[in-house]
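Notes follow the structure.
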Amino acid sequence: MKRGHRMPFGAQLQDGGGVRFRLWAPAASMLVLEHLPVAATAWRGAAMESVGEGWFEAVLPDAQAADDYRFRLLGGPADGLVVPDLASRANPHDVHGASRVVDPYAYDWQHGEWAGRPWHEAVVYELHVGTFTTEGSFNAARARLAELAALGITAIELMPLAEFPGRRGWGYDGVLPFAPDASYGTPDELKQLVDTAHGLGLMVLLDVVYNHFGPDGNYLHAYCPAFFDASRATAWGPAINFDGPHSRTVRDFFIHNALYWVEEFGFDGLRLDAVHAIRDGSVPCIVDEICTALRQGPGQARQVHVVLENENNESRRLARDAQGRPLAATAQWNDDLHHAAHVQLTGETEGYYRDFAQQPLERFALALRRGFVYAGEPSACRSGQPRGEPCDNLPLPAFVSHLQTHDQIGNRALGERIDVLADPVMVQAARACLLLSPHVPMLFMGEEFAAHTPFLYFCDYGETELGRAVTQGRRAEFAGFAAFAGEESQAAIPDPNGEGAFVASNLAWEEREQPAHAAALRRTRALLAARRAHIVPRMAHGSRGWHHAVQGGLLRVTWRLGSHSLLHLLANFGQEEREVDRLPGRLVYAEGASPREPDAQRLRMQPGGVWAGVQDDRDD
């Protein structure tokens, strides 16, 4: 089977031979296409024709796949500037280098019949390709997929892949949204990773960034300032122009990007980064338009999912129709649950954790029951302004919940994981609560064995002014935290622009052989097996929070699964053993929770103990 996505821009192989090159450059007066055929040693120039509304085009009959090409601007302030193709499918020479013509139909898909999986079956595993393995490549990541599938993972989520500066980075500073970063491998090697995952029953999601472009290698201001709205800004740079003059072309660019990853690479869905930072007053907004394009396009033939990151907790973006199908996005990352759990486990209350400082266990239980903690409640971090929208009407798989992510680990000065920061017994109890809930749980790579390796913020801007500014800014960012108030402690923060931060963030797979990590891995496997056997089948027809209560460190949550089952959860986050009434239902999972003899209706709950049971209508 062959796959491809045809685009109105970029380099497109022609049916009769040759390549059509198109670039939207409304600020340019003249463009020259510079072409380097395979095995040639000198560039060839060809004037591009202006075809109206800012578009330039050239068709080269002798061009072919694997040729390199670039564009030279003539006239104006940027005269002579050479730029890569914004819609490049491959940029093997990094963000400032030439682009490469790719034949999207060259790869022969082995599992083209794959139709995806229902979202309620998702157990997501977030990974960074560059640090997931020592090799840091698509091929090396592919070699470990069978282990994840055997563990009980059903979806992997790749951090952004769009070409970024240098050979190491998180990917959120990408500037060529269609080109998988060359440091990880070729487009066909990425397709092979997705293909292999599908053969193992794994969905593959991709994190994409549609709210800004990175600062290094972004040439758009020179030939296409219409891509930006100068009157608005984000925390990472100028806002994208989604609702001003010429915004239709900008919107189409990102809609094609979403379709490209799903149609050409077979991804099962996208995670849209920081949609709260997208400024768009259009109706429909760009996020909804992307969701519609995916649903009415590839989503007609297979399961395609859209997951949001949205600090505003806008429940309306997750609404369902009468049959329970998403009207727009499928789910949202649920940072509320993370924040409540983090405060409960660590006692940290600085920064955005202030909103969860009071009764964190109660807030964790509330998040488990309904999803958001802030669903319209006043937020201290927003000067008392309400945050979020009511969410009780949403099915619980609309929430991708987690104890850690790349953000929550990497945005710490030293990149510590929760398993390093807190009591491991209590961390495992919180992880059990997550994996036994009807939310869609997400693990960050290595979390399955309670990895202790840090995940630091890292980049590769070289010895440049930008690189030095990032290093200084990173240290200044933490000056307001008590632990980093002095110059000496700030100097101990790893330099994100140095290779050391990247190397330190590589997963140490050998940790799994150590007793504590091996035990954590066995526990994760048992929890996922219990989830797969007892919980997921009952979620097929919906799930809702039913009841929660917290008393003296003891957490109780009950959910309704479908119309015939209740799922009960007990967890002891106190420091003393507790004796409690056993809830009705058949055992799903128990650790540190055992019947009190001879009364089987009472449970002894050790600190960190967890018990879960399911009660069907037919049960007594």
Side-chain angles (χ1 to χ4, degrees), residues 123-128 131-134 144 146-153 337-338 341-348 361 364 401-406 408-410 412-437 441-456 503-532 553 555 569-578 588-594 604-612:
V123 175
V124 183
Y125 187 92
E126 187 192 17
L127 69 89
H128 177 267
T131 55
F132 181 57
T133 63
T134 303
R144 290 203 171 270
E147 297 176 55
L148 299 182
L151 178 66
I153 300 299
L337 184 142
H338 166 271
H342 188 91
V343 174
Q344 171 63 30
L345 294 170
T346 68
E348 295 180 352
L361 187 59
F364 180 50
S401 295
H402 43 82
L403 296 187
Q404 47 192 350
T405 69
H406 75 273
Q408 306 304 340
I409 306 170
R412 299 181 63 85
L414 303 180
E416 309 103 318
R417 295 169 179 258
I418 192 66
D419 293 282
V420 173
L421 293 169
D423 179 349
V425 173
M426 295 303 171
V427 172
Q428 290 293 352
R431 189 167 291 131
C433 290
L434 172 63
L435 296 179
L436 295 171
S437 78
M442 184 171 73
L443 303 176
F444 184 68
M445 61 179 195
E447 185 175 353
E448 70 275 21
F449 57 88
H452 280 192
T453 47
F455 186 74
L456 295 156
V503 173
S505 300
N506 276 240
L507 267 186
W509 289 95
E510 62 273 16
E511 279 188 337
R512 296 179 303 168
E513 307 305 318
Q514 300 170 14
H517 296 288
L521 184 60
R522 288 193 298 271
R523 189 178 292 110
T524 301
R525 183 175 290 110
L527 284 161
L528 291 177
R531 177 184 183 86
R532 181 173 60 250
L555 174 151
L569 175 70
L570 293 171
N572 182 10
F573 286 92
Q575 297 302 311
E576 304 293 335
E577 182 179 287
R578 294 287 300 273
V588 169
Y589 181 87
E591 183 170 10
S594 56
R604 292 184 186 275
M605 301 282 295
Q606 299 174 12
V610 175
W611 179 94

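Computed from a predicted model, the values in this text were never measured in an experiment.
Note on residues 512-532: pairs passing ring pair (Phe, Tyr, Trp, His ring centres under 6.0 Å), not counting sequence neighbours, are His452-His517. Residues in residues 420-430 take part in no side-chain hydrogen bond (donor to acceptor under 3.5 Å, both in side chains) pair, two or more places apart or across chains.
Side-chain contact between Thr524 and Leu443: present, with at least one pair of heavy atoms (C-beta onward) separated by less than 4.5 Å. Counting heavy atoms from C-beta on, the side chains of Trp509 and Arg144 come closer than 4.5 Å. Side-chain contact between Phe364 and Gln344 is absent, with no heavy atoms from C-beta onward closer than 4.5 Å. Counting heavy atoms from C-beta outward, Val123 and Leu528 have side chains that approach closer than 4.5 Å. Side-chain contact between Tyr125 and Leu127 is present, with heavy atoms from C-beta onward closer than 4.5 Å. A heavy-atom distance below 4.5 Å is not found between the side chains of Asn506 and Thr453. Looking only at side-chain heavy atoms (C-beta outward), Ser594 and Gln606 stay at 4.5 Å or farther from each other. Residues Leu421 and Arg412 are in side-chain contact: their nearest non-hydrogen atoms beyond the backbone lie under 4.5 Å apart.
Atom CG of residue Leu345 and atom CG of residue Leu361 lie 9.5 Å apart, to the nearest 0.5 angstrom. Residue Phe455 holds its CZ atom at 5.0 Å from NE2 of His128, rounded to the nearest 0.5 Å. Within the model, atoms CG of Leu569 and OG of Ser437 stand 8.5 Å from one another, a figure rounded to the nearest 0.5 Å. Between atom CE of residue Met445 and atom OG1 of residue Thr133 there is a gap of 9.0 Å, rounded to the nearest 0.5 Å. Annotation: the span from His342 atom NE2 to His402 atom NE2 amounts to 13.0 Å, rounded to 0.5 Å. Taking CE from Met426 and OG1 from Thr346, the interatomic distance works out to 13.5 Å, rounded to the nearest 0.5 Å.
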Carefully, step by step, assess Met442 and Leu434 under the rule side chain to side chain contact (heavy atoms under 4.5 Å, CB included).
CA-CA 9 Å; Met442 184 171 73; Leu434 172 63; over 6 Å; no
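Every residue meeting the side chain to side chain contact (heavy atoms under 4.5 Å, CB included) condition with Gln408, not counting sequence neighbours, appears here in chain and number order: Asp335, His338, His339, Tyr352, Tyr353, Thr405. Applying the side chain to side chain contact (heavy atoms under 4.5 Å, CB included) test to Leu521 and every residue at least two apart in sequence or in another chain returns Leu151, Glu448, Phe449, Arg512, Arg525. When the side chain to side chain contact (heavy atoms under 4.5 Å, CB included) test is applied to Ala529, the partners found at least two apart in sequence or on another chain are Arg532. Judged as a side chain to side chain contact (heavy atoms under 4.5 Å, CB included), and not counting sequence neighbours, the contacts of Ala590 are Leu587, Trp611.
A salt bridge does not link Arg417 with Glu447: every distance from a Lys NZ or Arg NE/NH1/NH2 to an Asp or Glu carboxylate oxygen is 4.0 Å or more.
Contact between Ala450 and Ala520 at its shortest, heavy atoms only, is CB-CB, 3.8 Å. For the residue pair Thr131 and Ser505, the shortest heavy atom distance occurs at CB-O, 3.5 Å. Closest heavy-atom contact between Leu507 and Ala451: CD2-CB, 4.1 Å. Shown here for Gly574 and Pro607, the closest heavy-atom pair between the two residues is O-CB, 3.4 Å. Closest of all the heavy-atom pairs between Leu337 and Leu403 is CD2-CD2, 4.5 Å. Smallest separation of non-hydrogen atoms from Leu435 and Pro441: CD2-CB, 3.6 Å.
With hydrogens and angles disregarded, no donor-acceptor distance shorter than 3.5 Å links the side chain of Glu591 to the backbone of Val610. Here the side chain of Asn572 pairs no donor or acceptor atom with the backbone of Gly609 at under 3.5 angstrom.
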